[in-house]
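Every value quoted in this text rests on a predicted model; they were computed, and no experiment measured them. Proteins get letters first, then strands, A, B, ... in listed order; numbering begins at 1 in each.
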Protein chains: 2
Amino acid sequence: MNYPPRPVEATPLAHDRVYRHLRSRIMHGDLPPGQSLTLRGIGREYEVSMTPAREAVRRLVAEGALTMSSSGRITTPELSNERIEELAALRALIEVELASRALPRAHMALIDRLQAINGTIAEAVTHRDAVRYIRTNLEFHRTLYLRAQAPAMLAMAETVWLQMGPTMRALYGRLRRTEPPQFHRLIIAALKAGDEPGLRLAVRSDVTQGLRMLAS
Amino acid sequence: MNYPPRPVEATPLAHDRVYRHLRSRIMHGDLPPGQSLTLRGIGREYEVSMTPAREAVRRLVAEGALTMSSSGRITTPELSNERIEELAALRALIEVELASRALPRAHMALIDRLQAINGTIAEAVTHRDAVRYIRTNLEFHRTLYLRAQAPAMLAMAETVWLQMGPTMRALYGRLRRTEPPQFHRLIIAALKAGDEPGLRLAVRSDVTQGLRMLAS
DNA sequence: TGAAAGCAGCTGTGATCACAAAAGGGCATG
DNA sequence: CATGCCCTTTTGTGATCACAGCTGCTTTCA
């Protein structure tokens, strides 16, 4: 479990560096579903031997970010619709709780930052940049949830994001959209008003909207 | 992420065998919080080299079942009270949802099995057997949640159990109790009656009761 | 033209080793 | 008697290697 906010960690350890970089790429949709990876390939890319590559992969497999076939082949996961629905339900459960816990601590400075991030998301949308869209969208959520002061819950939410990463890329790539996320504005409005039921509904709507895309 | 129900898996792979056995010991409270482990020690115990031991440990660390210090020393986690509260809240969130999804599929055969398991729990309580108590208690919950047909959610719940394993042992070991869990009977009653609100309340009460022990 | 057989390359697994850093214990000193 | 220092042992890390199994392509035969 990765408990963010991580300490400063002056660890130039090879396996950790590989792990972090791969994790970021997967979470943000850099890799499509079903993409295959090899230990030697990863080692070559990061200029390390197989050992740290193996440890990084093992860790990512444990978090559901990568899949290993019975013969040990490594690929990014291809999620079934049932699995996607389940992960979205988990997002709704956990993130609604995180938002609710963040609400009493959300001051104006946080709301300003959220609005700024929302602006960046709008840019990504107009540029049809899926990776940047996913990255800034998650940054929006993470920024809010960090205020909840619940690292174990945030870690769980991030694990779900990680599992959905490659699929999100495929989904958003297929999407024709020109407007920034409407529910983010509802989230910000509810935060300003201190409206907890409204916040819960807005977060739930936002994290499950991908499902509607999928169904259509 | 470990998606139970696992396939038959005829994998005698060393690292997997070590992982599974260690995982079971940790989840069921075989190890106290703060217990230190070494790769060479694990390798000796399971008659393997350091490599599979390292992979198993890496996987368990990723799931929060073990902690690594900055220098790489391996111990079972010692949870702060805030972390325990958070994990209990996660259990409540996820397990209430799992129970709710299992309710429409819970037939009499399942309820009979749950009652049988409850009998075993009562035995463990009278014998003051903490490990057996934890094991059968989790078996009760897992048996119910398997009916929810939501492997990703169940995996999340198990990850939380895993993180709480050593602490649960310490808590229940400190507990003076002679009666079987009252909330399990409420869960069974709600299942029989098809009473969803009652089931949600009973599950929430059951998974957060450890907190009241902690506070007292 | 088609499928099946065989082969060469590649992939993950696990063992072993060298190495640096940390831990623990024993000793000497204040 | 307590405290700080040093040395020995133990620890995790990463590289390398042998090996078995799988993949995928080429070749061959019907």
Side-chain angles (χ1 to χ4, degrees), chain A residues 1-3 6-23 26 31-78, chain B residues 1-3 6-23 26 31-78:
Chain A
M1 215 59 357
N2 282 290
Y3 289 114
R6 302 191 190 88
V8 211
E9 280 205 47
T11 25
L13 287 183
H15 70 88
D16 217 56
R17 179 170 54 87
V18 175
Y19 164 76
R20 286 229 249 278
H21 197 254
L22 275 179
R23 181 177 191 270
I26 294 169
L31 303 175
Q35 175 74 252
S36 69
L37 302 172
T38 66
L39 296 182
R40 287 171 178 85
I42 294 168
R44 228 179 343 238
E45 185 176 345
Y46 292 94
E47 293 180 337
V48 295
S49 78
M50 285 173 59
T51 312
R54 222 195 314 187
E55 304 212 3
V57 165
R58 186 70 60 189
R59 207 167 150 185
L60 290 164
V61 169
E63 295 177 324
L66 292 173
T67 304
M68 290 190 68
S69 77
S70 58
S71 64
R73 292 328 229 265
I74 307 155
T75 56
T76 52
E78 299 185 272
Chain B
M1 213 61 357
N2 281 287
Y3 289 114
R6 301 190 190 90
V8 210
E9 280 204 48
T11 25
L13 287 184
H15 74 263
D16 217 58
R17 181 169 52 89
V18 175
Y19 163 77
R20 285 229 250 279
H21 197 254
L22 275 178
R23 181 176 191 269
I26 295 169
L31 303 174
Q35 176 73 252
S36 71
L37 302 172
T38 66
L39 295 182
R40 287 173 177 84
I42 294 169
R44 229 181 338 242
E45 185 177 345
Y46 291 94
E47 295 181 334
V48 295
S49 79
M50 285 172 59
T51 312
R54 220 194 317 185
E55 303 210 6
V57 165
R58 187 71 59 192
R59 206 166 150 187
L60 290 164
V61 168
E63 294 177 319
L66 292 173
T67 305
M68 290 191 68
S69 77
S70 57
S71 64
R73 291 329 228 264
I74 307 153
T75 57
T76 52
E78 300 185 273

TODO: Whole angstrom is fine here: how far is it from CG in A:Leu13 over to P in D:dG12?
DONE: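 It is 13 Å, rounded to the nearest whole Å.
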Task: Interatomic distance, A:Arg54 CZ vs D:dT13 C1' [rounded to whole Å] - done: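 My rounded result for the distance is 13 Å.
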Task: Strand contacts (DNA chain D) in residues 36-46 of chain B, 4.0 angstrom heavy-atom criterion - done: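 Heavy-atom cutoff 4.0 Å gives B:Leu37, B:Thr38, B:Leu39, B:Arg40.
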- [ ] Taking A:Thr76 for its side chain and A:Pro32 for its backbone only, find out whether a donor-acceptor pair lies under 3.5 Å.
- [x]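 Checking the backbone N and O of A:Pro32 against the side chain of A:Thr76, a donor-acceptor pair under 3.5 Å is found.
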TODO: Look at B:Arg23 together with B:Asp16 and state whether they make a salt bridge at an N to O cut-off of under 4.0 Å.
DONE: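 Result for this pair is no, no salt bridge flagged.
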Task: Results of side-chain contact (heavy atoms from CB on, under 4.5 Å) for B:Thr75 - residues two or more places apart only - done: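 B:Thr75: side-chain contact (heavy atoms from CB on, under 4.5 Å) contacts with B:Ser36, B:Thr67.
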Open item on the list: Taking side-chain contact (heavy atoms from CB on, under 4.5 Å) as the definition, give me every residue that meets it alongside B:Ser49, ordered by chain and number, with sequence neighbours left out.
Closed with: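 Checked B:Ser49 against side-chain contact (heavy atoms from CB on, under 4.5 Å); matches are B:Thr51, B:Pro52.
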Task: Considering all heavy atoms, the nearest B:Val48-B:Ala14 contact - done: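 Smallest interatomic distance, heavy atoms only, reads CG1-CB, 3.9 Å.
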Open item on the list: Base, sugar-phosphate or nothing for B:Met68? Non-hydrogen atoms, less than 4.0 Å.
Closed with: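 Contact class for B:Met68: sugar-phosphate only.
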Task: salt bridge (charged side-chain N to carboxylate O under 4.0 Å, His left out) contacts in which one or both residues fall within residues 43-52 of chain A, not counting sequence neighbours - done: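 Only A:Arg25-A:Glu45 qualify under salt bridge (charged side-chain N to carboxylate O under 4.0 Å, His left out).
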Any protein N or O atoms within reach of nucleotides 22-25 of chain D? Criterion: under 3.5 Å, listing atom names and distances.
none

TODO: Shoot me the first and last contacting nucleotide of DNA chain C against chain B, ordered 5' to 3', at under 4.0 angstrom to non-hydrogen atoms.
DONE: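 First-to-last contact on DNA chain C, by the 4.0 Å heavy-atom rule, is C:dT13 to C:dA23.
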Qualifying ring pair (Phe, Tyr, Trp, His ring centres under 6.0 Å) pairs, either residue in [range], two or more places apart:
{"range": "residues 48-75 of chain A", "answer": "none"}
{"range": "residues 34-59 of chain B", "answer": "B:His21-B:Tyr46"}
{"range": "residues 47-66 of chain B", "answer": "none"}

TODO: Identify, with sequence neighbours excluded, every residue that meets side chain to side chain donor-acceptor pair (under 3.5 Å) alongside B:His15.
DONE: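 Per chain and number, B:His15 pairs via side chain to side chain donor-acceptor pair (under 3.5 Å) with A:Arg58.
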